[in-house]
Amino acid sequence: MYKLWEDSGFFNPDNLPKVSKQKNFSIIMPPPNANGALHMGHALFVTLQDIMIRYKRMQGYKTLWLPGADHAGFETQVVYQKKLEKEGRSFWEVPKDKLYEEILAFTLENKKHMESQLRQLGASCDWGREKFTLDDDIKKIVYETFKKLYDDNLVYKAERPVNWCTRHQTTLSDLEIKHEERKDKLFYVRYKFENSEDYIVVATTRPETIPADIAIAVNPKSKWNKYVGKKVLNPLTQEAILIISDKRVEISFGTGALKITPYHDALDFEIYKDHPELPASKSVINKFGAIENSGTKLDGLKILPAREKSIEILKFSLDKEPEDYVHQVSICYKCNTLIEPRIMNQWFIKTTEKSKTGSKSLRDLAIDAVKTKKVKFVTKKFEKIFMHWMKNLRDWNISRQIVWGIKIPAWYHEPICIPKKGHEGDVVKCNEIIISMDEPICEFCDAKFIQESDVFDTWFSSGQWPFASLMSTHNKNDFKDFYPTDVMETGWDILFFWIARMIMLGTYKTGKVPFKTVYLHGLVRDKDRQKMSKSKGNVIDPLGVADIYGADAIRMSLVVGTAPGNDPVISEDKIRGYRNFATKIWNATRLITMRGSSTIPEKPNYTNEDKKTLKEFEKFKKTVIKDMDAYRFHEASNKIYHYFWHTFADKILESSKARLQDENKKVKETATAFLIKLLTEQLKLLHPFMPFVTEAIWQELYGGKKILMVEKL
RNA sequence: GGGCACUUAGCUCAGUGGUAGAGCGCCUCGCUUACAUCGAGGAGGUCGUGGGUUCGAUCCCCUCAGUGCCCACCA
């Protein structure tokens, strides 16, 4: 059946029959990560999007579903790193260039599989327009956006607190860290005044960072305030450090005094920045999470051993017994490694500030888009969650120290200027940084530019996907015709990662929102409401199940009874139930074709009862259409299922048996015509949900002369 | 600490301002020439608690109690 559809050319909107006043309808497929097999989550998005696309196509819209594949930067690198480790190879020892080539090959191989799996699930997307996130033309657009942001002063590179994963050796955005409750100790450490036995007490969970302390900040209302301006000795290095006052220090926590370690704590860094009287700060923890340059015996130790060692050294400086302390720590969302807050020179996107030319901040662009209903959420609760998140938005770290991704198109001037011939002695001002796709040439000197080695956060490029993909297909009109797209359908788990970024970047770059409606689905769960995971052994493989019960059965079981935004609950029992339904449709058809007349009159003389039934069906159909238009696919599918089984099969077919085999040819013909008519109408309604069975029956009924996929609904 | 939800039949979930629905499970009967991957019939719910609005609430508003999720720089 899929071949029939694909060969028909109707996945391509340019080939669809022209209809007067034809409207366009477009969905950009969230490009699946090309780093593994498709899972139930993919089956879910295929089902929902294919339902919308097939429905609109049958209604005569010029319908585009644009497929893609995502290189999925960090995600794929993590998958590949695991694969190498399984094979006994060391990820870190493979040269970067080679690693990139290997991951590229791995990704392209997965991409091929993925495409065939999408076909098995019935995805009626236009393969001729398929895009890959690493296509050259996509990269070019991503670079252009970056350049525009840079020129608008919305991108900057600076030393800021970032989340560092010591295992993956990269920074992560605030969204890529999880929080976990940990039981630690809270240590009370005395910092003595110079030449005095007097001291100030500071509570800390991280005594190993004491060598990097450059100050003590006290709350102005605390009892320590009288010491502001005086100096105490760092208990591990014996260096004198200043006591400063800052109201960001919580008076109720610990002792109301906070040690300031700018390089190892984000709040400390903020306070440090606002106190110019403080000396330069230093880092004592390296990128592997070990102490270095501390000037103490802690050097060379990893964090936890260093903590123990520091307490051993500080034994006589402890004010009282350490307290048990339960708090939230940040961990890497992939490997659960403790995130080390570090101050690093990184690229950031300003999300809350106006551009140089005074236009709205990215955040305000997105908030306005939603407020003015240019972007609507099918499920209102997600709009609330979205708005709440936008309100608390902070700048976005977009540089990653990984190999698998799009390199940031920034070039750094070599440190030494070599003046061009004839320009010796000129006072030259070479650009230190140039944003460019290709290697720039310095206009003043012969020095070279060295490219930034960091790559973009994948979501920076994915955030541009709707316009980037539409701008780079073979049909030059696609962007004009299909942007803004009609629906963005994806999982709610990437509401912030992706939806928010697409609205910000899409609106910023094109002046138009990337999509009009956001439909978010949930996480597929098993019959006990558990997440599917390999370790739990409750994973249902959609392709494996499709082999047994058919893709239609999976599609139905993912849709029926799952309201938008909710987590679908799926089990083999449920899938089997809808397989039975597919069989029921077959059998019902067989009854009509076997017992009914082989010829049907052009204009059947329906009985009054027939007319009444058809009229009732029309009414029924209208309620289904209403559900479809309101994205209530769970209702629509449920209704058709019931009508077919319990009205059509159980009542209408049962009561028509006698007529079907009536000796009077006319009676028989009319009955057959009536039942075929009713069956046909139902097949149309069912097609978006169960495309394979319905099309197969259609082909039998109409002898290959028409394709149900493009029948008028 | 902030936010968003949820609480409906044994289980998983839909749904509506006007005497409650599905799938699966359960019980009884039926191998009737489309289908036992089936058919006919049935048991089973005071729609979490307490208030309010209303002629009328499971559905709207408030309270409380559970449950889940998201966000978050009290060291």
Side-chain angles (χ1 to χ4, degrees), chain A residues 161 163 174-175 177-179 184 186-187 189 202-207 209 213 216-217 219 248-261 264-271 325 327-330 339 341 379-394 492-493 495-496 522-523 525-530 549-550 553 556-557 559-563 565-596 632 634-635 637-639 641-642 645-646 649-650 653-654 656-657 660-661 675:
Chain A
N163 310 301
D174 292 340
L175 286 173
I177 58 172
K178 289 188 298 186
H179 297 276
D184 278 319
L186 188 59
F187 301 98
V189 183
V202 171
T204 181
T205 54
R206 303 199 63 188
T209 64
D213 286 358
I216 300 293
N219 184 292
R248 279 167 286 190
V249 180
E250 288 289 330
I251 191 162
S252 55
F253 186 87
T255 64
L258 173 66
K259 70 191 207 59
I260 299 299
T261 322
H264 304 297
D265 185 277
L267 173 65
D268 291 7
F269 185 78
E270 296 300 315
I271 292 177
Y325 181 56
H327 62 152
Q328 302 279 327
V329 296
S330 305
I339 290 293
T379 317
K380 271 278 178 288
K381 71 173 174 184
F382 291 123
E383 187 175 315
K384 290 184 197 167
I385 295 172
F386 173 85
M387 284 302 205
H388 184 252
W389 188 75
M390 289 309 278
K391 238 193 291 179
N392 301 314
L393 199 58
R394 295 194 296 165
W492 56 253
D493 53 322
L495 174 60
F496 306 141
L523 194 69
R525 294 173 185 276
D526 73 5
K527 61 180 190 304
D528 301 316
R529 272 216 120 249
Q530 296 296 303
Y549 301 111
M556 279 297 272
S557 62
V559 170
V560 179
T562 305
N566 287 9
D567 293 344
V569 175
I570 192 169
S571 61
E572 203 163 331
D573 277 347
K574 191 171 176 185
I575 299 169
R576 202 179 293 125
Y578 290 108
R579 185 275 316 264
N580 294 353
F581 179 51
T583 311
K584 188 78 183 176
I585 303 171
W586 274 112
N587 283 322
T589 307
R590 249 181 39 193
L591 171 71
I592 303 169
T593 51
M594 275 169 58
R595 289 224 212 158
R632 290 193 297 261
H634 62 297
E635 277 285 295
S637 51
N638 201 22
K639 278 180 187 165
Y641 172 92
H642 277 278
W645 202 314
H646 301 300
D650 288 350
L653 279 184
E654 285 302 330
S656 301
K657 281 180 178 171
L660 265 187
Q661 37 199 7
L675 293 174

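Chain naming here is simple, since letters A, B, ... match the order of the sequence lines and numbering starts at 1 in each.
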Look for any protein N or O under 3.5 Å of an N or O in nucleotides 29-31 of chain B and output each such pair with its distance, or none.
none

For A:I385, answer base if it contacts any base atom (sugar-phosphate contacts may also be present), sugar-phosphate if it contacts only those atoms, and nothing otherwise; contact means non-hydrogen atoms under 4.0 Å. sugar-phosphate
Which value, in whole Å, describes the distance between the C1' atoms of nucleotides B:U19 and B:U33? 43 Å
Write down the distance separating the C1' atoms in B:U54 and B:C59, rounded off to the nearest Å. 13 Å
Given the P atoms of B:A75 and B:A5, what is the spacing between them in whole Å? 29 Å
Mind checking if A:F496 touches a base, just sugar-phosphate, or nothing, with heavy atoms under 4.0 Å? sugar-phosphate
Starting from the 5' end of RNA chain B, give me the residue, A:I570 or A:D573, whose nearest nucleotide shows up first. A:I570
Any side-chain N or O of A:H179 less than 4.0 Å from the OP1 or OP2 oxygen of B:A72? yes
Just to be sure I understand the rule, does A:K259 reach a base, reach only the sugar-phosphate, or reach nothing, if contact means heavy atoms closer than 4.0 Å? nothing
Identify whether any heavy atom of A:V249 sits under 4.0 Å from a base atom; if not, whether one sits that close to sugar-phosphate; answer base, sugar-phosphate or nothing. base
Quantified in whole Å, what is the C1' atom distance between nucleotide B:A9 and nucleotide B:G48? 15 Å
Does a side-chain heavy-atom distance below 4.5 Å link A:L175 with A:W389? yes
Taking the ring of A:Y641 and the ring of A:Y578, is the distance between their centroids below 6.0 Å? yes
Between A:D268 (CG) and B:A75 (C1'), how many Å, whole number? 7 Å
Hey, does A:A649 reach any base, or is it just sugar-phosphate, or nothing, if we go heavy atoms under 4.0 Å? base
Of B:G15, B:A75, B:C35, the nucleotide closest to the side chain of A:Y325 is B:A75
Could you give the distance separating B:G45 and B:G51 at their C1' atoms, to the nearest angstrom? 23 Å
Fit a plane to each ring of A:F382 and A:W492, take the angle between them on a 0 to 90° scale, and name the class: parallel (under 30°), tilted (30 to 60°) or perpendicular (over 60°). parallel
Pick the P atom in B:G17 and in B:C69, then give their distance to the nearest Å. 31 Å
Would you say the side-chain atoms of A:N587 pair up with the backbone N or O of A:T583, donor to acceptor, closer than 3.5 Å? yes
When you compare the side chain of A:K259 with that of A:D265, does any pair of heavy atoms fall below 4.5 Å? no
Shorter than 3.5 Å, N or O on both sides, protein versus nucleotides 36-38 of chain B: list them out with atom names.
from: B:U37; atom 1: O4'; to: A:N580; atom 2: OD1; distance (Å): 3.4
from: B:U37; atom 1: O2; to: A:R579; atom 2: NE; distance (Å): 3.0
from: B:U37; atom 1: O2; to: A:N580; atom 2: OD1; distance (Å): 3.2
from: B:U37; atom 1: O2; to: A:T583; atom 2: OG1; distance (Å): 2.9
from: B:C38; atom 1: OP1; to: A:N580; atom 2: ND2; distance (Å): 3.0
from: B:C38; atom 1: O3'; to: A:K584; atom 2: NZ; distance (Å): 3.1

Could you tell me which nucleotide pairs with B:G1 by Watson-Crick or G-U wobble geometry, both distances under 3.5 Å, or answer none if nothing does? B:C71
A:H327 side chain: which of B:G15, B:A75, B:C4 is closest? B:A75
If pairing means Watson-Crick or G-U wobble with both distances under 3.5 Å, then the partner of B:C38 is B:G30
Let me know the distance between CZ of A:R632 and C1' of B:U16, rounded to the nearest Å. 11 Å
With a 3.5 Å distance limit and no angle check, can you tell me whether A:N219 reaches the backbone of A:V249 through a side-chain donor-acceptor pair? yes
Nearest nucleotide by nearest heavy atom, which residue falls closer to the 5' end of RNA chain B, A:V569 or A:H634? A:V569
Scan A:R394 against the nucleic acid and name what it touches under 4.0 Å (heavy atoms): base, sugar-phosphate only, or nothing. base
Within less than 4.0 Å of OP1 or OP2 of B:C69, is there a side-chain N or O belonging to A:K381? no
What nucleotide among B:A5, B:A14, B:C70 has an atom nearest to a side-chain atom of A:N566? B:A14
Expressed in whole Å, how much space separates the C1' atoms belonging to B:C27 and B:G68? 35 Å
Suppose we define a pair by two distances each less than 3.5 Å, Watson-Crick or G-U wobble; what does B:C64 pair with here? B:G48
So which nucleotide from B:G23, B:C73, B:C74 ends up closest to the side chain of A:E250? B:C74
Nearest-Å distance once atom P is located in both B:C55 and B:G50: 23 Å
Counting side-chain heavy atoms from C-beta on, which of B:C69, B:C35, B:A75 comes nearest to A:E654? B:C35
Counting side-chain heavy atoms from CB outward, which of B:A22, B:A5, B:A72 is closest to A:N638? B:A22
Nearest 0.5 Å please: distance from the CD1 atom of A:I385 over to the CD atom of A:E383. 11.0 Å
Regarding A:E270, tell me which of base, sugar-phosphate or nothing describes its non-hydrogen contacts under 4.0 Å with the strands shown. nothing
